[in-house]
Amino acid sequence: MTPDPLDSFLSQSSWMSSLTCEEAKRVRSSVTVRSFAAGSAVFARGMPPAHWAGVMEGMLKLDNITEEGRISTFAGVPSGAWFGEGSVLKDEPRPYAVTALTDSVVALLPRSEFLRLLHESHPFALWLIGQLNARLAHYVAQVQTDRLGDTTAQVAYSLSGLFNDALFPNTARRITLSQEELGRLSGVSRQVANRALQELQDRGAIRLGYGSIEVIDLKVLQSIAREG
DNA sequence: ACATTAACGATGA
DNA sequence: TCATCGTTAATGT
């Protein structure tokens, strides 16, 4: 008997451990799992937020496309992370598109079940506050880096954000992410992302592969992100 | 100065 | 064969 991938994913999700047995069972029976090919849309911009979602495998991004076709990426979502609570809480159309960057598997918890947990489970509500607070801290630091740091620091921060323990507890050391996508995530061109990544590699923070980045020394990466 | 877009060839999967 | 990478040139602020 191989363990169900959904069961093992849920047991690795930190908020699950704060639930009662019945709550956990209800979650388990209401979650659905869907696979997405690289490049396909997980949620379209403007759709009502029917689910809270967790990334079981792969990597997603949250982005917007302007009328002229320019892309700005707000966030990368590595496997292990749950996301989309903002839209679910507000019950407003999703303000950005969610796209699979690699072949991905996503767990979907219906909005009604998410709200029920929020209302019934104090531990879950506390966990959610911590999550929102960690995300806020991340973006505050991102703004500081973008204003005070050079482009290498910006790229280093965006990359290290994917390894933020509070937000993304289980990110593998090596992630499949092209330099083009990391550039979008960092707000710089691919060429500048390329130069920054080579500097990060020269300084021993990362190792570059074909279509992938391996973090060798997260401490060094984070300290470069604080330079400017 | 330094970033951006466009373009090119080289190379990995 | 196609995506990705490393690099250079022209251009903009």
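Sequence lines set the chain letters: A, B, ... in the order given, protein chains first and strands last, and positions in each chain run from 1. No hydrogens, no waters, no symmetry mates; every other heavy atom, side chains included, goes into these values.
- Pairs engaging residues 11-21 of chain A under the side-chain hydrogen bond (donor to acceptor under 3.5 Å, both in side chains) rule: A/S13-A/W82, A/S14-A/W127, A/T20-A/E23 [sequence neighbours left out].
- Here chain A contacts DNA chain C (any atom closer than 4.0 Å to a heavy atom, that is under 4.0 Å), and the contacts span C/dA3 to C/dT8 from 5' to 3'.
- Taking the six-membered ring wherever Trp is involved, the centroid distance between the rings of A/H138 and A/F168 does not fall below 6.0 Å.
- Hydrophobic side-chain contacts under 4.5 Å tie A/I129 to no other Ile, Leu, Val, Met, Phe, Trp or Tyr residue.
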Interface polar pairs with nucleotides 10-13 of chain B, N/O, under 3.5 angstrom:
residue, atom, partner, partner atom, Å
B/dG12, N2, A/Y210, OH, 3.4

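- As a member of the Ile/Leu/Val/Met/Phe/Trp/Tyr network built from side-chain separations under 4.5 Å, A/L136 groups with A/V140.
- Screening residues 181-211 of chain A for ring-ring contact (aromatic ring centres under 6.0 Å, His included), with sequence neighbours left out, gives no hits.
- Under the 4.5 angstrom side-chain criterion for Ile, Leu, Val, Met, Phe, Trp and Tyr, A/M47 has no cluster partners at all.
- Identified under the salt bridge (Lys or Arg N to Asp or Glu O under 4.0 Å) test for residues 137-157 of chain A, with sequence neighbours left out: none.
- A/T152 is linked by a side chain to side chain donor-acceptor pair (under 3.5 Å) to A/E199, counting only residues two or more places apart in sequence or in another chain.
- A/T151 has no side-chain polar atom (N or O) that falls below the 4.0 Å cut-off from OP1 or OP2 of B/dC2.
- Taking a 4.0 Å limit (strictly below) on heavy-atom distances, residues 185-202 of chain A reaches DNA chain C at A/R190, A/Q191, A/N194, A/Q198.
- In this structure, A/I71 places its CD1 atom 15 Å from C1' of B/dT5, rounding to the nearest Å.
- Residues passing the side chain to side chain contact (heavy atoms under 4.5 Å, CB included) test with A/S30, sequence neighbours excluded: A/L109, A/P110, A/E113.
- Applying the side-chain hydrogen bond (donor to acceptor under 3.5 Å, both in side chains) test to pairs two or more places apart or on separate chains, those with a residue in residues 216-228 of chain A are A/R203-A/E227.
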